[in-house]
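First comes the structure, then the notes that go with it.
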Amino acid sequence: MEKLKQILLENHLAFLATHRGQVRNEGHALFVESDKPEFTYAILGSSSTRANLPSSVKMVQRLPWSQISEGDLIEAGFVAAINYSYMILGEPFSKWRNHDDLSIERVVDVAHMEAFSEVQSRGFIESQNEYDSWHPWLRAANHRNLKNPNQSFYIGRLGSQAVGVVLTVIEGESAGICAVATLPAFRKSGISTTIMEKAILDARAQGCKIITLQVRQDSYVEDFYRHLGFQRIFTTTLYKRN
């Protein structure tokens with residue numbers, strides 16, 4: 001089980017290092033550095049202690065195997081903010097809803113990536129002001145990884161319209177499911193599950209034995225993935241300094 005937890009973390013780190021910023025290993029902790037403050041934080045592992053916690057850090061993710069206790073973090077001025085679940089897929093597809101009219105294509109060029117980034121942004125962000133801020137940032141990260149051999153971008157289309165997207169990040173024997181998004185007008189019709197099924201089959205054909213993702217703990221989204229056959233392996237808490 002401990003090895004599995006480490007595999008799930010390493011897959012998430014592969015995504016963070018390519019889509020969120022840079023990941024720096026200081027031995028006692030991992031530091032995610034991004035030009036977005038919400039993606040800048042320290043990941044506290046087994047050798048992290050209160051003594052080596054940098055005073056400049058404003059946000060930390062405490063792993064279950066960290067030596068730092070919640071009490072230590074509270075004394076250092078942190079408060080618990082968000083809990084996340086790291087999950088893996090058991091037996092897939094038995095309860096999955098498919099959209100028979102959906103065609104799925106892999107992103108292979110700049111034009112495809114433009115479509116992917118548009119759907120991803122519109123699927124996650126409905127406020128125009130937030131879209132105007134986030135779309136260029138997400139788009140830039142996607143384009144940086146267009147030729148990344150360990151990442152596969154998928155677009156689902158109804159006719160000529162791109163309506164849903166999924167990204168897989170392969171790290172060793174694991175494939176992480178990321179950027180699952182459907183345009184609001186097309187939700188709850190099997191778009192995401194149809195694209196995910198294709199992405200998972202492709203990942204398994206490449207030798208990936210573990211399919212993983214991260215979601216907010218006890219959220220509607222976690223319930224959705226649990227219904228699809230994903231199982232929670234461990235949880236972590238994100239703390240913010242007052």
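Under a hydrophobic-cluster definition in which Ile, Leu, Val, Met, Phe, Trp and Tyr are linked whenever side-chain heavy atoms come within less than 4.5 Å, directly or via other members, Val60 and Leu30 are assigned to different clusters. The cluster map of Ile, Leu, Val, Met, Phe, Trp and Tyr, joined by side-chain heavy atoms under 4.5 Å apart, puts Val32 and Met59 in the same cluster. When the side chains of ILVMFWY residues are joined at heavy-atom separations under 4.5 Å, either directly or via intervening members, Leu158 and Val119 end up in a single hydrophobic cluster. Note: the hydrophobic cluster containing Leu238 also contains Leu13 (ILVMFWY, side chain heavy atoms under 4.5 Å, direct or indirect links). The hydrophobic clustering, which links ILVMFWY residues whose side-chain heavy atoms are closer than 4.5 Å, places Phe15 and Leu4 together.
Side-chain N or O atoms of Glu171 include none that pairs as donor or acceptor with a backbone N or O of Ala14 at under 3.5 Å. No side-chain donor-acceptor contact under 3.5 Å links Arg62 to the backbone of Leu73. A donor-acceptor contact shorter than 3.5 Å links the side chain of Ser48 to the backbone of Gly45. Distance alone, capped at 3.5 Å, is enough to place a donor-acceptor pair between the Asn25 side chain and the Gly27 backbone. When atom types are taken as modelled, the side chain of Thr194 and the backbone of His99 share a donor-acceptor pair closer than 3.5 angstrom.
Applying the ring pair (Phe, Tyr, Trp, His ring centres under 6.0 Å) criterion to His28, with sequence neighbours excluded, gives no partner residue. When the side chain to side chain contact (heavy atoms under 4.5 Å, CB included) test is applied to Asn145, the partners found at least two apart in sequence or on another chain are Thr18, His19, Asn148, Gln151, Phe153. Here Thr168 pairs with Ser152, Tyr154, Ile177, Ala199 under the side chain to side chain contact (heavy atoms under 4.5 Å, CB included) rule; sequence neighbours left out. Qualifying ring pair (Phe, Tyr, Trp, His ring centres under 6.0 Å) partners for Phe31, counting only residues two or more places apart in sequence or in other chains: none. Trp65 is linked by a ring pair (Phe, Tyr, Trp, His ring centres under 6.0 Å) to Phe234, counting only residues two or more places apart in sequence or in another chain. For Tyr41, there are no ring pair (Phe, Tyr, Trp, His ring centres under 6.0 Å) partners at least two apart in sequence or on another chain. The side chain to side chain contact (heavy atoms under 4.5 Å, CB included) search around Phe224 returns Thr193, Leu228, not counting sequence neighbours. With sequence neighbours excluded, the residues forming a side chain to side chain contact (heavy atoms under 4.5 Å, CB included) with Thr40 are Ser34, listed by chain and number.
Distance CZ/Arg50 to CG/Asn52: 11.5 Å, rounded to 0.5 Å. Here CG of Leu167 is found 12.0 Å from CD1 of Ile195. Values are rounded to the nearest 0.5 Å. With values rounded to the nearest 0.5 angstrom, Ile155 atom CD1 is found 10.5 Å from Glu114 atom CD. For the atom pair CD1 (Ile233) and CD1 (Ile88), the distance works out to 4.0 Å, reported to the nearest 0.5 Å. Interatomic distance, Ile125 CD1 to Ser133 OG, rounded to the nearest 0.5 Å: 8.0 Å. Rounded to the nearest 0.5 Å, atoms OG (Ser121) and CG (Leu138) are 4.5 Å apart.
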Inset, instruction - Could you walk me through whether Ile82 and Thr237 pass the side-chain contact (heavy atoms from CB on, under 4.5 Å) test, one step at a time? - result: CA-CA 6 Å; Ile82 306 172; Thr237 302; over 6 Å; no
Legend entry - Full working for side-chain contact (heavy atoms from CB on, under 4.5 Å) between Arg216 and Asn83: CA-CA 6 Å; Arg216 190 161 182 166; Asn83 296 322; over 6 Å; no
Inset, instruction - Let me see the working for Ile74 and Val79 under side-chain contact (heavy atoms from CB on, under 4.5 Å), right down to the final yes or no. - result: CA-CA 6 Å; Ile74 291 173; Val79 293; over 6 Å; no
Inset, instruction - Check the pair Ile170 / Cys208 against side-chain contact (heavy atoms from CB on, under 4.5 Å), numbers first and verdict last. - result: CA-CA 8 Å; Ile170 293 178; Cys208 294; 3.8 Å; yes
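Contact detail for Leu146 and Val110: the closest heavy-atom pair is CD2-N, 4.0 Å. Ala203 and Ala175 make their closest contact through CB-CB, 3.7 Å (heavy atoms, listed as atom of the first residue, atom of the second, distance). Scanning both residues, Leu183 and Arg122, for their nearest heavy atoms gives CD2-CB, 3.6 Å. Heavy-atom minimum distance, Ile211 versus Phe230: O-CE2, 4.1 Å. Between Leu53 and Ala76, the shortest heavy-atom contact is CD2-CB, 4.3 Å.
In this structure, the side chains of Ile7 and Ile210 come closer than 4.5 Å at one or more pairs of heavy atoms. Using a 4.5 Å cut-off on side-chain heavy atoms (C-beta onward), Ser85 and Gln214 make no contact. Residues Asn150 and Val169 are not in side-chain contact: their nearest non-hydrogen atoms beyond the backbone lie 4.5 Å or more apart. You'll find the side chain of Val215 stays beyond 4.5 Å of the side chain of Tyr220, heavy atoms only. Between Asp109 and His112 there is a side-chain heavy-atom pair separated by less than 4.5 Å. Between Leu16 and Phe39 there is no side-chain heavy-atom pair separated by less than 4.5 Å. Using a 4.5 Å cut-off on side-chain heavy atoms (C-beta onward), Val166 and Val180 make contact. Using a 4.5 Å cut-off on side-chain heavy atoms (C-beta onward), Leu44 and Gln61 make no contact.
For residues 23-36, every residue pair satisfying the salt bridge (Lys or Arg N to Asp or Glu O under 4.0 Å) rule, not counting sequence neighbours, is listed here: Arg24-Glu26, Arg24-Glu33. Among residues at least two apart or in separate chains, salt bridge (Lys or Arg N to Asp or Glu O under 4.0 Å) pairs with a member in residues 232-242 are Asp218-Arg232, Glu222-Arg232. Note on residues 149-167: pairs passing salt bridge (Lys or Arg N to Asp or Glu O under 4.0 Å), not counting sequence neighbours, are Glu105-Arg157. Note on residues 181-207: no pairs pass ring pair (Phe, Tyr, Trp, His ring centres under 6.0 Å), not counting sequence neighbours.
For the residue pair Asn142 / Gln120, a side-chain donor-acceptor distance below 3.5 Å is found, with atom types taken as modelled. Of the N and O atoms on the side chains of Glu118 and Tyr131, at least one donor lies less than 3.5 Å from an acceptor on the other residue. Neither side chain, Asn11 nor Thr212, offers a donor N or O lying under 3.5 Å from an acceptor on the other. A donor atom on one side chain and an acceptor atom on the other are found under 3.5 Å apart for Gln128 and Asp132.
Between Tyr86 and His12, the two ring planes are perpendicular [angle over 60°; tilted spans 30° to 60°].
The number of heavy-atom neighbours closer than 6.0 Å to CD of Glu10, taken from other residues, nucleotides and ligands shown, is above 12. Heavy-atom contacts from other residues, nucleotides or ligands closer than 6.0 Å to CZ of Arg106 number more than 12.
Taking the centre of each ring, Tyr239 and Phe78 stay at or above the 6.0 Å mark.
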